[in-house]
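To start, the structure under review is shown below, and the notes come after it.
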Amino acid sequence: MATLKLLLSLGICWCTGSLATAEELSDPIADNLRWVSLDFKTILTWTTSQPEHTSTLLYAVDNGDWKESPDCIGVSDMECDLTDVLQPLDKFYTADIQTNAADEDYPTDGDELPHTYSSRFNPYRQSNISAVTFTLHPLDQSTVTVNITDTLTAIHQRGQQLTIRDVLRSDLMYKITYYKAGSTGKREVTSASSVAEVSQLDSGESYCFIVAVFIPSRPKETQLGAPSSQQCTQGHGIAQGLSLGALVGIVFIVITVLIFLIITVAVLCCNRCRRRNKSLQTSQTSAPI
Ligand SMILES: *[C@@H]1O[C@H](CO)[C@@H](O)[C@H](O)[C@H]1NC(C)=O
Ligand SMILES: *[C@@H]1O[C@H](CO)[C@@H](O)[C@H](O)[C@H]1NC(C)=O
């Protein structure tokens, strides 16, 4: 009877013990896994409720074998830069954050560690593209050349930093949005080249341009890069861009200043003349006869 009791209580202990362990393991420690990617620099970030544990990041391409990311083994940071391992770029990658045991006395093999899986990520299709810079060169009265600088990416090849054109090649297009200064009607052209000509502009008018990377081969929501800041051409002639009111104002100010100058000079001259006359008179009267 005593032995049965002992066995029973042992059994209960064992049961509750393993239940507790199972609960701990099923509770994922890394959470909120998020891909952050700009100009093909790709970082995975996550949060944890137990920062005393370190993490190891594994990744797999297209559901292939898991590999360790060399820079992210047993790290206590909650982010990992995967730019150099997610290559080739145009593949779908999945990451796995494995949370290591805090207590080194309990040797655990990989299968028992808590894992959290990321969503699938394709850098080529999903990396955000930052705003480009460009210059405007009026070609003639109705044509402007837009000269766009291909942004540098975080990808290096043979010691060289690649531009978005090196990475995207013929998939790279630019969307140029422009409008006549002071009007709301916008027009758009797409260009496969980084030097684009925009023609059929009204001669002598000022136009404003905004440029963004455009990648038609991507899914709709990631096709456009960030919009550039706006640049405008100068219209022709001094009067361009100034309203009639401003012109009248300027003419009025110039005339006022001129009149003021003339009056000042006249007053100064008169004073001097009068003083000279007076001193002449005084010297005459005081002179001994
Ligand atoms: C791209 O930018 C958008 C808007 O800022 C953001 O919501 C998204 O998470 C970014 N995607 C990546 C992969 O960084
Ligand atoms: C475009 O700009 C780059 C540098 O900003 C310059 O080297 C190049 O000659 C320009 N090309 C044209 C067609 O204006």
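Quick note: residue numbers are just sequence positions, from 1. Counting convention: from 1, in listed order, for ligands and their atoms alike. As the structure is a computational prediction, the values presented were derived from the model and not from experiment.
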Distances for all N or O pairs of ligand 2 and the protein under 3.5 Å?
| from | atom 1 | to | atom 2 | distance (Å) |
| --- | --- | --- | --- | --- |
| ligand 2 | 2 (O) | N147 | ND2 | 2.3 |
| ligand 2 | 11 (N) | N147 | ND2 | 2.8 |
| ligand 2 | 14 (O) | N147 | ND2 | 3.1 |

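With side-chain heavy atoms closer than 4.5 Å counting as contact, directly or through intermediates, the hydrophobic cluster containing V85 also holds L33, W35, L44, W46, L57, Y59, V61, M78, L82, L86, Y93, I97, F121.
By the 30° and 60° cut-offs, the orientation of the rings of Y207 relative to F209 is tilted.
Taking the centre and axis of the six-membered ring of Y178, the NZ or CZ atom of R187 falls outside the cone set by 45° and 6.0 Å.
For S217, the side-chain contact (heavy atoms from CB on, under 4.5 Å) partners are D171, I215, not counting sequence neighbours.
With hydrogens and angles left out, the side-chain atoms of T47 and N32 include a donor and acceptor closer than 3.5 Å. T135 and H137 form a side-chain donor-acceptor contact under 3.5 Å, judged by distance and modelled atom types alone.
When all heavy atoms of L162 and D166 are compared, the closest pair comes out as CA-OD2, 3.4 Å. Of all the heavy atoms in T99 and L113, the pair that sits closest is O-CD2, 3.5 Å.
With ligand atoms numbered from 1 in the order given, ligand 1 contributes 12 (C), 13 (C), 14 (O) to contacts under 4.0 Å with heavy atoms of W35. For ligand 1, the atoms closer than 4.0 angstrom to any heavy atom of N128 are 1 (C), 2 (O), 3 (C), 8 (C), 10 (C), 11 (N), 12 (C), 14 (O). Less than 4.0 angstrom separates some heavy atom of Q126 from each of these atoms of ligand 1: 13 (C). Taking every heavy atom of V36 and a limit of under 4.0 angstrom, the matching atoms of ligand 1 come to 14 (O).
When only interatomic distances are considered, the shortest N/O to N/O separation between S37 and ligand 1 falls below 3.5 Å. Not a single N or O atom of S127, backbone or side chain, sits closer than 3.5 Å to an N or O atom of ligand 1.
Applying the salt bridge (Lys or Arg N to Asp or Glu O under 4.0 Å) test to every pair with at least one member in residues 144-159, sequence neighbours left out, gives these pairs: D150-R165.
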